[in-house]
Structures are given as C-alpha cells and as structure tokens.
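These notes concern the structure reproduced below.
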Amino acid sequence: MGVMTPRAATDGLLPTPAGCVLTADFFGRPSDEVGPELIGKILWLRGVGGGRLTEVEAYLPENDPACHAFRGLTRRNAAMFGAPGSIYVYRSYGIHMLLNLVCDQLSVGSAVLVRSFEPLGDTRMLSGNRGLPEGERGVELSRGPGRVGQALGLHLGMNGLGLGEASGLYIIDDGQSGAVGCTTRIGISVGDGLPLRYYTIGSAYVTGLGRIGRGERA
DNA sequence: TAAACGATTAGCT
DNA sequence: GCTAATCGTTTAT
C-alpha cells in the first residue's frame with residue numbers, strides 16, 4: 001500500500017526517512033481503525049523534521065459530541081470533511097495549532113488527532129520552532145498536541161491540504177512497530193469514556209501517563 | 001453584537 | 001494535583 005518516499009521530497013540537509021508513504025487508500029477508513037495503525041509510523045514535514053507517532057486520538061462524527069464534525073459542517077471544520085489523507089489544522093484555546101489527519105470517505109468528517117511523537121533524526125528545526133535549546137529532543141519537544149503543532153511550525157495555511165507533495169507532510173511506514181495501548185481520550189469534557197486514544201506502550205512521549213499507570217481504561 | 005467555551009500548557013502547591 | 005492565561009470560533013441575543 002502506498003508508494004516509496006519520493007526522492008524529490010528529500011532535503012539535502014534533512015533527508016526524509018526511507019519507507020512506504022501512506023496515501024488516501026490507507027486513510028479511507030473510520031478513524032478508530034486508522035488510529036491504532038498510525039502508532040509507530042513516521043510523521044515527517046519536509047525540510048523541518050518529525051518522528052515516530054506515539055499518541056493519537058480518533059474522532060468519529062457519529063455519537064461523539066467531542067468530534068468537531070458532530071454538529072455538522074462549519075467554516076472552521078470544513079477541512080475535516082475533506083478527502084481521506086488530507087490535513088485538518090485548527091487553533092485550540094486561541095493559541096495552539098492542532099494537527100488532524102482526515103480519515104474515512106469524503107464528507108464523512110472523521111479524523112485522527114496527532115498528540116505526540118518521538119523525534120527522529122535532526123531536531124534543530126523542531127527545537128528552534130519550540131524555542132528550546134538547539135537539538136533538544138526530550139519529551140518537552142513533542143509530547144502534547146500543542147507542542148506537536150508548534151514544533152512542526154503548523155499554520156492555518158496548511159488546513160485542507162493533502163498529505164504528500166501538497167503540504168510537505170508525510171506519513172511513512174518503515175516497517176517498524178511497537179505494542180499499541182488504548183485508553184480514553186484527554187482534555188475533553190464531553191464524549192470522554194470512549195476508548196479512542198491509542199499510544200505506544202512504554203514510551204515517555206505520551207501524555208497522561210499517570211492515568212495509564214493507574215490502569216484506567218487499559 | 002455579546003457571551004461562552006474549549007481535542008492545552010505552564011507554573012504553582 | 002489544581003489553576004490561570006489566552007483568544008478565535010461558535011452560539012445565542
């Protein structure tokens with residue numbers, strides 16, 4: 001499934017990781033199916049960097065009031081109803097840029113929220129965007145959805161663009177995988193209780209480790 | 001036009 | 001563990 005990393009998409013100073021680039025056929029399923037399979041895949045923004053996905057959450061338009069698409073299409077969430085494998089970026093709390101990957105078929109309104117990743121390769125661009133010491137690669141760099149957006153330098157101009165050439169953002173499968181855990185989602189006031197958060201078991205690049213430790217919704 | 005509300009994080013206690 | 005800061009989007013007048 002998918003195609004190999006396009007050579008044209010590599011940057012001399014910051015090579016895009018080798019592997020199979022996931023495309024619309026991978027994302028064209030409900031987000032609770034795509035979510036767990038994304039764990040361990042590589043999120044990479046051309047020329048900036050990225051890492052291995054360690055935490056994502058699925059949002060479904062039906063029976064899920066926490067999903068932005070639950071109340072139908074608005075100007076803000078329009079990108080969420082776009083083609084599978086496109087990007088939905090929105091501003092949270094007036095500050096943070098949160099990254100979602102659109103799943104399922106056109107106009108369904110299902111997406112996966114990227115919450116954390118473990119950095120790979122050169123982190124100079126990422127740490128610079130975060131305002132951290134050059135080369136920083138600790139959890140402070142990319143644990144938490146707001147930090148992910150800031151590290152990658154996301155902006156609303158990327159909203160609605162497709163993964164790949166259009167946006168420079170790629171999801172790459174390099175064949176490696178780890179154990180995937182599942183718990184309830186984080187930071188929402190409605191629709192919690194649904195086990196739609198997926199994470200890499202044992203990784204420090206996961207938020208809310210406390211509640212996982214207590215065995216909540218394991 | 002006004003009010004309320006967050007898919008959060010940093011900073012305290 | 002708890003709370004404040006922060007401001008665009010949505011929803012209600």
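Every chain is numbered from 1, with letters handed out A, B, ... down the list of sequences. Heavy-atom basis, side chains included; hydrogens, waters and symmetry copies ignored.
Sorted by first and then second residue, the side-chain hydrogen bond (donor to acceptor under 3.5 Å, both in side chains) pairs involving residues 92-108 of chain A (not counting sequence neighbours) form an empty list. Within the structure, salt bridge (charged side-chain N to carboxylate O under 4.0 Å, His left out) contacts touching residues 138-163 of chain A (residues at least two apart or in different chains) do not occur. Listed by first and then second residue, the salt bridge (charged side-chain N to carboxylate O under 4.0 Å, His left out) pairs that reach into residues 167-184 of chain A are A/Arg52-A/Asp174, sequence neighbours excluded. Every pair passing salt bridge (charged side-chain N to carboxylate O under 4.0 Å, His left out) that includes a residue from residues 55-77 of chain A is listed here, sequence neighbours excluded: A/Glu55-A/Arg115, A/Glu55-A/Arg197, A/Glu57-A/Arg115, A/Asp64-A/Arg185. For residues 119-131 of chain A, every residue pair satisfying the salt bridge (charged side-chain N to carboxylate O under 4.0 Å, His left out) rule, not counting sequence neighbours, is listed here: A/Asp122-A/Arg124.
Chain A approaches DNA chain B within less than 4.0 angstrom (heavy atoms of the protein), and the contacting nucleotides run 5' to 3' from B/dG6 to B/dA10.
The hydrophobic cluster containing A/Val139, built from Ile/Leu/Val/Met/Phe/Trp/Tyr side-chain heavy atoms closer than 4.5 Å, also comprises A/Tyr205.
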Secondary structure string for DNA chain C (Watson-Crick or G-U under 3.5 angstrom, | for other-strand pairs)
|||||.||||||.
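In this structure, A/Pro145 and A/Ser189 both approach DNA chain B, and ranking their closest nucleotides by distance from the 5' end singles out A/Ser189.
Taking a 4.0 Å limit (strictly below) on heavy-atom distances, residues 87-108 of chain A reaches DNA chain B at A/Tyr90, A/Ser92, A/Tyr93, A/Gly94, A/His96, A/Leu98, A/Asn100. For the segment residues 61-76 of chain A, residues with any heavy atom less than 4.0 angstrom from an atom of DNA chain B are, sorted by number, A/Ala66, A/His68.
Listed by chain and number, the residues in a salt bridge (charged side-chain N to carboxylate O under 4.0 Å, His left out) with A/Glu37 are A/Arg29 (sequence neighbours excluded). With sequence neighbours left out, A/Tyr90 forms a ring-ring contact (aromatic ring centres under 6.0 Å, His included) with A/His68, A/Tyr88.
Using a 4.0 Å heavy-atom cutoff across all strands shown, A/Arg147 reaches sugar-phosphate atoms only and no base atom.
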